[in-house]
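Numbers here are sequence positions counted from 1. Please read these numbers as outputs of a predicted model, since none were measured by experiment.
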Amino acid sequence: MDTLGKRIQTIRKSKKMTLVDVAANKMTKGMLSLIENDKAQPSIENLQHIAKMLDTEIGSLTSEFPPAKLREILDEIHAIQRANINNVEAASQLIIELIQPIEKKLPLCYETSQIILHYIKSFSRIARYEDGSDAAQYGASIFKEMSLYNEYLQALRANAINEVALANYDNAFTILNEAYELCRSDYYFINTDIKISIFYDYAASAFAIGSFDTAKVSITHLIDTCHTNKAYFFYSNSLRLAATASILFGKIDEVEHYRNLLDRFTQFDQSEETTLLSDLFYLLYYNIGNSNPEMVIVFGDKLLENKEVGNLKQFVYLELGKAYYQLEQFEHSYTAFNKYEHRPHEVLHPIDQAIYNESYSYFALVSDKLGHYEQAKYWATEAYENSKKIVQFFDQDFIENTYKKIAQQKIDRY
């Protein structure tokens, strides 16, 4: 067990000092020996003297985790991240293993806040959402106690992310509502990037529970904040979020409003990121909001040639599959759908999940049409079961009817 006496003794020996050297003329050698063996407690004056003779801070003697030790832990976390730069999951697991045994022992100070932030953000990266929620709640409590409100907001956000992953959308909205109100207050100084992230997540969570009007207000604050601070990536992403949600909620006027804003911004900021987000929106716009499958194919092919599309190509394949189905080019549709790499345990925002569910239903229909009955059953079931977990968007009837049709055909065949 690490005690005050043991810490004094360890530091003294590391500096190759004797009991006499440290005691000097302020205290007896015998008293210092009793202190090191935890048989006596030093007075404030003696503790100050010992710290001075050992050329260290009093905190290094009284705490199991003095500032220097905390900085060593932070350095170790950064070293783990550098060594696993291409393996976030491995880095996250190692950080959790490092911090979990000492989480509740760390003193309340700024260094601890940075350690705990790394810790709580690691859980969602390895899909330990319930543990992550507990860690985030603990982090939020100590950040609030230390009046570290930027860190407090990050802990709330991490907690909300875990709640979304657990499909607890109402909980996530409640958590983010507190964060949103704090960001709106003039009493606290909140970093702009944190404020923007909270506004974005709050709007997304409002959409997730079907509260379109609340989301619209948050989107307005988000867009204003992005515009004022020239946060262009979030600006274009915010417009795409609002326009996409408007499509799913059937708010045609809102769709056109946000689409026009996105078009104007894309003309102003012709960066690859903004162009990519605009193209992704139009892929959905022409497939759902304004049925024009030929244009979906144009934008889909353009996106697949874009090196920045990354994992979003999975979304592109699904939208192309839908477009080809609507054009009755069933072989092309089936080919596009089969390029999609399904991740059953992937966490999707309800808006994204709703879009994917509709695609899965189309995948089921084309599979059934081409005689792939088991595949048809799988995708119809996947769409139907997923759709029951989220707010009911306008495509719910289509998903239910597809499921019933595929299920009934299976009965008829047998």
Side-chain angles (χ1 to χ4, degrees), residues 169 173 196 199-227 232-270 273-300 302-303 309 312 315-316 318-323 325-327 348-362 387 390-399:
Y169 304 122
F173 177 77
I196 288 173
F199 285 168
Y200 183 91
D201 288 348
Y202 182 59
S205 71
F207 284 133
I209 64 170
S211 184
F212 187 89
D213 291 338
T214 300
K216 184 179 175 182
V217 172
S218 181
I219 284 287
T220 299
H221 292 148
L222 173 61
I223 290 172
D224 289 345
T225 305
C226 290
H227 187 269
Y232 295 136
F233 173 76
F234 267 102
Y235 186 82
S236 54
N237 208 18
S238 304
L239 292 174
R240 186 179 77 92
L241 170 67
T244 300
S246 299
I247 290 173
L248 295 179
F249 279 98
K251 307 279 188 179
I252 304 304
D253 291 342
E254 301 292 341
V255 173
E256 294 306 315
H257 169 68
Y258 290 119
R259 183 178 73 85
N260 288 330
L261 288 176
L262 183 59
D263 283 348
R264 283 158 50 192
F265 183 71
T266 304
Q267 291 172 4
F268 163 72
D269 176 31
Q270 298 182 7
E273 292 85 358
T274 296
T275 301
L276 175 64
L277 290 172
S278 176
D279 289 345
L280 285 168
F281 164 71
Y282 272 106
L283 194 69
L284 186 67
Y285 176 76
Y286 286 121
N287 229 0
I288 297 179
N290 184 7
S291 185
N292 190 336
E294 290 88 353
M295 289 301 298
V296 173
I297 293 168
V298 170
F299 277 97
K302 179 184 176 184
L303 281 162
V309 72
L312 289 170
F315 171 70
V316 177
L318 292 177
E319 293 302 309
L320 283 173
K322 285 160 54 177
Y325 183 89
Q326 290 166 4
L327 291 170
L348 295 172
H349 184 274
I351 288 178
D352 294 324
Q353 187 66 69
I355 295 169
Y356 276 47
N357 289 343
E358 187 191 48
S359 297
Y360 295 162
S361 292
Y362 276 106
S387 70
I390 61 176
V391 66
Q392 303 303 295
F393 294 102
F394 72 91
D395 58 354
Q396 182 64 22
D397 288 343
F398 167 69
I399 291 169

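A donor-acceptor pair shorter than 3.5 Å cannot be found between the side chains of Asp263 and Gln267. Between the side chains of Asn292 and Tyr282, no donor N or O sits under 3.5 Å from an acceptor N or O.
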- Begin from the C-alpha positions of Ile355 and Glu319 and carry the test side-chain contact (heavy atoms from CB on, under 4.5 Å) through to its verdict. CA-CA 9 Å; Ile355 295 169; Glu319 293 302 309; 3.5 Å; yes

- Stepwise side-chain hydrogen bond (donor to acceptor under 3.5 Å, both in side chains) check, Glu256 with Asn260: CA-CA 6 Å; Glu256 294 306 315; Asn260 288 330; 5.1 Å; no

- Output, in order, the C-alpha distance, side-chain angles, deciding distance and verdict of side-chain contact (heavy atoms from CB on, under 4.5 Å) for Val309 and Asp279. CA-CA 10 Å; Val309 72; Asp279 289 345; over 6 Å; no

- Message: Before you tell me yes or no, could you show the steps for Val296 and Lys322 under side-chain contact (heavy atoms from CB on, under 4.5 Å), namely the whole-Å CA-CA distance, both residues' side-chain angles and the distance that decides it to 0.1 Å?
- Response: CA-CA 9 Å; Val296 173; Lys322 285 160 54 177; over 6 Å; no

- Show the numbers, then the answer: is there a side-chain contact (heavy atoms from CB on, under 4.5 Å) between Ser246 and Phe212? CA-CA 8 Å; Ser246 299; Phe212 187 89; 3.6 Å; yes

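The aromatic rings of His227 and Tyr235 are tilted relative to each other, their planes meeting at an angle between 30° and 60°. Taking the six-membered ring where the residue is Trp, Tyr356 and Phe315 present parallel rings, their angle staying beneath 30° rather than reaching 60°.
Using a 4.5 Å heavy-atom threshold, the side chains of Thr266 and Ser236 count as separate. Between Arg240 and Ser278, the closest side-chain pair of non-hydrogen atoms is not below 4.5 Å. Counting heavy atoms from C-beta outward, Gln326 and Asn287 have side chains that approach closer than 4.5 Å. In this structure, Val298 and Tyr286 have side chains that are not in contact, with every pair of non-hydrogen atoms separated by 4.5 Å or more. The shortest side-chain heavy-atom distance between Thr214 and Ile209 does not fall under the 4.5 Å cut-off. Leu222 has its side chain within reach of Ile219: a pair of non-hydrogen atoms, C-beta onward, lies under 4.5 Å apart. By the 4.5 Å heavy-atom criterion applied to side chains, Leu284 and Leu280 are not counted as neighbours. With contacts defined as side-chain heavy-atom distances shorter than 4.5 Å, the pair Phe207/Tyr169 does not qualify.
Listed for the Ser218 side chain is a donor-acceptor partner under 3.5 Å among the backbone atoms of Phe199.
Ser238 and Ile223 get closest at one heavy-atom pair: CB-CG1, 4.3 Å. Scanning both residues, Val255 and Ala243, for their nearest heavy atoms gives CG2-O, 4.1 Å. Nearest heavy-atom pair, Gly300 versus Leu320, reported as atom, atom and distance to 0.1 Å: CA-CD2, 4.0 Å.
Taking CG of Leu318 as the start and OH of Tyr360 as the end, the distance is 6.5 Å to the nearest 0.5 Å. Interatomic distance, Leu239 CG to Arg259 CZ, rounded to the nearest 0.5 Å: 12.5 Å. Atoms OH and OG, on Tyr325 and Ser359 in that order, are 13.5 Å from each other to the nearest 0.5 Å.
Residues Phe281 and Phe299 keep their aromatic ring centres 6.0 Å or farther apart.
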